[in-house]
Amino acid sequence: MFVRTESFRQFLKFYPVISIIIAIHLLIFLIMHTPIFPHNWMLEMLAGVNILIQQGEYWRLVTPIFVHVGFAHLLFNSFSLVLFGPALEKALGKFMFILVYLASGIGANIATLYIQPPYYTHIGASGAIFGLFGFYLAIIMVKKDSMPIQGRQVILPIAIISVIMTFFQPNINITGHIFGLISGFLIGRILVHYRSIRF
């Protein structure tokens with residue numbers, strides 16, 4: 001379920017939404033590190049800055065989900081999406097997967113807006129990815145039989161370890177991680193009652 005055996009071409013064909021999200025990650029990262037563009041222009045336009053959101057720049061509740069400054073940050077989040085996203089994209093369908101992913105990330109960013117101080121700045125897909133973990137946890141709690149036991153044995157410890165590590169890593173938006181997880185969990189609890197989800 002979480003083991004990728006597809007070729008690159010097959011992955012693009014089977015999981016177009018995840019492929020597009022990662023392509024956006026890479027494009028924004030490359031623009032940010034290309035000297036042709038003004039220094040930090042992309043970061044200044046897209047980062048989540050609480051005070052600017054309060055002043056009406058509401059796109060910053062969405063755009064930080066796709067922005068990564070460091071290559072390690074980009075690689076880790078994109079790799080996590082490659083591992084844990086495909087099963088959900090296949091089970092939910094393209095539209096619902098986009099909805100769950102973006103809603104989890106936006107939920108994380110709204111929580112950050114209200115909990116963190118006005119000049120707090122944040123970027124990264126982590127809140128949305130934690131939303132995927134939350135969605136899996138909702139399925140395990142409500143309809144665990146719809147997920148293979150191997151999948152449950154993988155996702156539970158990874159979700160727990162990820163939450164624990166959130167509190168021990170520097171420069172992490174703890175609020176975003178926790179409320180991304182909660183957002184995904186709540187969305188999952190709602191969806192499993194209204195549609196059949198099987199992996």
(message) Would you compute the distance between atom CG of L113 and atom OG1 of T175 and round it to the nearest 0.5 angstrom?
(response) 11.0 Å
(message) Please determine whether residues F95 and L92 belong to a single hydrophobic cluster, defined as Ile, Leu, Val, Met, Phe, Trp and Tyr linked transitively by side-chain heavy-atom distances below 4.5 Å.
(response) yes
(message) Any side-chain to backbone donor/acceptor pair from W41 onto I31? Under 3.5 Å, distance only.
(response) no
(request) Give the minimum heavy-atom separation between D145 and R198, together with the two atoms involved. (result) O-NH2, 3.2 Å
(request) Report yes or no: do I164 and I174 belong to one cluster of Ile/Leu/Val/Met/Phe/Trp/Tyr joined by side chain heavy-atom distances under 4.5 Å? (result) yes
(request) To the nearest 0.5 Å, tell me how far Y114 OH sits from N109 CG. (result) 12.5 Å
(request) Using atom types as modelled and distance alone, determine if a side-chain donor or acceptor of R60 lies under 3.5 Å from a backbone N or O of L52. (result) no
(message) For Y120, I'd like to know if atom OH has over 12 heavy atoms of other residues, nucleotides or ligands within 6.0 Å.
(response) yes
(message) Testing the basics here: between G176 and A108, what is the closest heavy-atom pair and its distance to 0.1 Å?
(response) O-CB, 3.2 Å
(message) A side-chain contact here means heavy atoms from C-beta on lying under 4.5 Å apart; do V142 and R189 qualify?
(response) yes
(message) Rounded to the nearest 0.5 Å, what separates atom CD1 in I110 from atom CD1 in I115?
(response) 11.5 Å
(request) Please name the pair of heavy atoms, one in G48 and one in P64, separated by the smallest distance, quoted to 0.1 Å. (result) N-CG, 3.2 Å
(request) Work out which heavy atom in I22 is nearest to a heavy atom in S78; give both atom names and the distance. (result) CD1-O, 3.8 Å
(request) Give a yes or no on whether M141 and Y194 share a hydrophobic cluster (residues Ile, Leu, Val, Met, Phe, Trp, Tyr; joining criterion: side-chain heavy atoms under 4.5 Å apart). (result) no
(request) Go through the steps to decide whether I18 and F11 satisfy the test side chain to side chain contact (heavy atoms under 4.5 Å, CB included), and finish with yes or no. (result) CA-CA 9 Å; I18 292 170; F11 189 92; 3.9 Å; yes
(request) Would you please classify the geometry between the H68 ring and the H73 ring as parallel, tilted or perpendicular, with 30° and 60° separating the classes? (result) perpendicular
(request) Without swapping roles, check the side chain of R152 against the backbone of I140 for a donor-acceptor pair under 3.5 Å. (result) no
(message) For K143 and I197: C-alpha separation, side-chain torsions, deciding distance, then whether side chain to side chain contact (heavy atoms under 4.5 Å, CB included) applies.
(response) CA-CA 9 Å; K143 290 187 178 179; I197 301 173; over 6 Å; no
(request) Measure the CZ-CE distance between R4 and M1 for me, rounded to the nearest 0.5 Å. (result) 9.5 Å
(request) For G151 and F2, work out which heavy atoms get closest and say how close. (result) O-CE1, 3.5 Å
(request) Identify whether I21 and F8 are in the same connected component of the hydrophobic contact network (ILVMFWY, side-chain heavy atoms under 4.5 Å). (result) no
(request) Could you go through the side chain to side chain contact (heavy atoms under 4.5 Å, CB included) check for S126 and N77 one step at a time? (result) CA-CA 6 Å; S126 301; N77 280 347; 3.3 Å; yes
(message) Please determine whether the number of non-hydrogen atoms from other residues, nucleotides or ligands lying under 6.0 Å from atom CZ of F79 exceeds 12.
(response) no
(request) Pick out which of T121, N173, N50 makes a side-chain hydrogen bond (donor to acceptor under 3.5 Å, both in side chains) with T112. (result) N173
(request) For residues A103 and S183, report the shortest heavy-atom separation together with the two atoms involved. (result) O-CB, 4.4 Å
(message) Is the shortest side-chain heavy-atom distance between T63 and M45 below 4.5 Å?
(response) no
(message) Between M42 and I28, is there a side-chain heavy-atom distance shorter than 4.5 Å?
(response) yes
(message) Are F14 and L12 linked, directly or through intermediate hydrophobic residues, by side-chain heavy-atom contacts shorter than 4.5 Å (ILVMFWY only)?
(response) no
(request) Apply side chain to side chain contact (heavy atoms under 4.5 Å, CB included) to Y136 and F199, showing your working. (result) CA-CA 11 Å; Y136 283 122; F199 296 93; 3.9 Å; yes
(message) Is it the case that the side chain of E89 and the backbone of V17 share a donor-acceptor pair, with hydrogens and angles ignored and the cut-off at 3.5 Å?
(response) yes
(request) Find the distance between CD1 (I51) and CD (Q55) and round it off to the nearest 0.5 Å. (result) 5.0 Å
(request) Step through it carefully: locate the ring centre of F29, locate the ring centre of H33, and say whether they are under 6.0 Å apart. (result) yes
(message) What I'd like to find out is whether the side chain of Q116 reaches to under 4.5 Å of the side chain of H122, using heavy atoms alone.
(response) no
(message) To the closest 0.5 Å, what do you measure between CG (L132) and OH (Y101)?
(response) 7.0 Å
(message) Is the distance from the ring center of F133 to that of F130 below 6.0 Å?
(response) yes
